[in-house]
Amino acid sequence: MKLIVTTKEDAAKQAAELYRALLRQKQNAVLGFATGSTPLALYTELIRAYQKGEISFQHAVSFNLDEYAGLDENHPQSYRAFMNKNLFSRIDIPMEHTHVPNGKDTSAEQMDAYEAMIRAAGGIDLQLLGIGQNGHIGFNEPGTPFDSTTHVVRLSQSTRNANARFFSSIDEVPKEAVSMGIKTVMNARAILLFAQGASKAKVVAAAVNGPVAEKVPASILQLHPDVTLYLDPEAAKYL
Ligand code: GLP
């Protein structure tokens, strides 16, 4: 694992550079995107680079990690709406090249179809990750099997509480989600994980230095050959 401890702003700039290099070398790169507050600074940098003519997503394809079950894509808190608003509508990626799991169809066929689409696109070149306070990546909660592929997950109470700030009340936070599995994430050729703030410090230390165990989903990343962690000093304080 490559660890880079720097400010949130500098991390976003450095990572945007990686996207620029990747898309120069491979215009039709397959990008795995994430939601949450952590990736926003990077998305702002990508939009800025696009506006300056330094980067183009015209031939890129994207797959998002996860989506709340039961939310229509037009629901303001759906991850599809988040991605459209914070990135897709502000860069030149064709909407039909963007994929977010369908929260309205949680059938087994739909889970397999998402995996099949990723495979058909040639696999993910660069997967972006945040980390939940309990170590989840995507919505793969502690205990998720390491060999999981896209699946329906039951959200833990701590995750629902953490995400309640985006909804008008905790009752409105969906109880389930659709998420790429751990194996789907591990199949990506390269992975970038961002973590910021003291609330992530303990879990970052467990993921980086602890045993590789399903109770800390992000610990599996220790076994991936190309992972870069961008941490701010607060998130890195127990390393
Ligand atoms: C959600 C997302 C995760 C994300 C996590 C952390 O639960 N499903 O993909 O990493 O939140 O969010 P934040 O970046 O806001 O701390």
Side-chain angles (χ1 to χ4, degrees), residues 7-9 11-12 15 31-46 62-71 73 75-83 85-87 99-103 106 114 124 126-144 148 150-167 170 172-182 184-186 188 191-208 216-221 227-232 234-236:
T7 61
K8 175 178 170 174
E9 293 72 26
L31 307 174
F33 286 129
T35 50
S37 35
T38 311
L40 286 173
L42 169 63
Y43 294 162
T44 302
E45 282 302 320
L46 294 178
S62 77
F63 289 90
N64 259 77
L65 280 170
D66 46 15
E67 177 61 283
Y68 287 115
L71 293 196
E73 61 173 43
H75 188 291
Q77 294 311 331
S78 73
Y79 284 167
R80 163 53 83 178
F82 176 100
M83 290 307 298
K85 175 167 170 244
N86 293 302
L87 186 64
H99 305 88
V100 178
N102 178 357
T106 54
Y114 203 65
I124 294 171
L126 183 56
Q127 178 65 54
L128 178 64
L129 297 175
I131 184 168
Q133 287 172 27
N134 62 6
H136 73 219
I137 47 177
F139 265 137
N140 293 291
E141 298 284 33
T144 304
S148 51
T150 300
H151 60 140
V152 179
V153 298
R154 190 146 193 92
L155 298 178
S156 70
Q157 199 51 42
S158 70
T159 296
R160 293 185 69 236
N161 291 339
N163 291 0
R165 64 188 194 277
F166 300 112
F167 293 82
I170 182 78
E172 279 187 28
V173 184
K175 295 196 167 70
E176 290 186 332
V178 177
S179 180
M180 280 185 197
I182 304 270
T184 326
V185 170
M186 287 295 282
I191 297 176
L192 298 182
L193 184 145
F194 281 68
Q196 288 135 14
S199 67
K200 304 286 172 74
K202 266 194 194 147
V203 81
V204 164
V208 173
V216 183
S219 64
I220 189 73
L221 300 174
V227 179
T228 306
L229 265 64
Y230 286 100
L231 308 172
D232 74 352
E234 285 284 285

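We count ligands from 1, going down the list as the structure has it; atoms in each ligand are counted the same way.
- Relative ring orientation between Y43 and F33 is described as perpendicular, the plane-to-plane angle rising above 60° on a 0-90° scale split at 30° and 60°.
- When the side chain to side chain contact (heavy atoms under 4.5 Å, CB included) test is applied to T38, the partners found at least two apart in sequence or on another chain are F194, Q196, K200.
- For R160, the salt bridge (Lys or Arg N to Asp or Glu O under 4.0 Å) test picks out no residue, with sequence neighbours left out.
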Please produce the table of protein N or O atoms sitting under 3.5 Å from N or O atoms belonging to ligand 1, one pair a line, distance to 0.1 Å.
from: ligand 1; atom 1: 7 (O); to: H136; atom 2: NE2; distance (Å): 2.9
from: ligand 1; atom 1: 7 (O); to: N163; atom 2: ND2; distance (Å): 3.4
from: ligand 1; atom 1: 8 (N); to: D66; atom 2: OD2; distance (Å): 2.8
from: ligand 1; atom 1: 8 (N); to: G138; atom 2: O; distance (Å): 3.4
from: ligand 1; atom 1: 10 (O); to: I131; atom 2: N; distance (Å): 3.3
from: ligand 1; atom 1: 14 (O); to: S37; atom 2: N; distance (Å): 3.3
from: ligand 1; atom 1: 14 (O); to: T38; atom 2: N; distance (Å): 3.0
from: ligand 1; atom 1: 14 (O); to: T38; atom 2: OG1; distance (Å): 2.4
from: ligand 1; atom 1: 15 (O); to: S37; atom 2: N; distance (Å): 2.8
from: ligand 1; atom 1: 15 (O); to: S37; atom 2: OG; distance (Å): 2.6
from: ligand 1; atom 1: 15 (O); to: R165; atom 2: NH2; distance (Å): 3.2
from: ligand 1; atom 1: 16 (O); to: K200; atom 2: NZ; distance (Å): 2.6

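- Every residue two or more places apart in sequence or in another chain that forms a side chain to side chain contact (heavy atoms under 4.5 Å, CB included) with T7 is listed here: E9, D10.
- For the residue pair E141 / T159, a side-chain donor-acceptor distance below 3.5 Å is found, with atom types taken as modelled.
- Using the six-membered ring where Trp is involved, H99 and F63 have ring planes that are parallel, under 30° apart on the 30 and 60° scheme.
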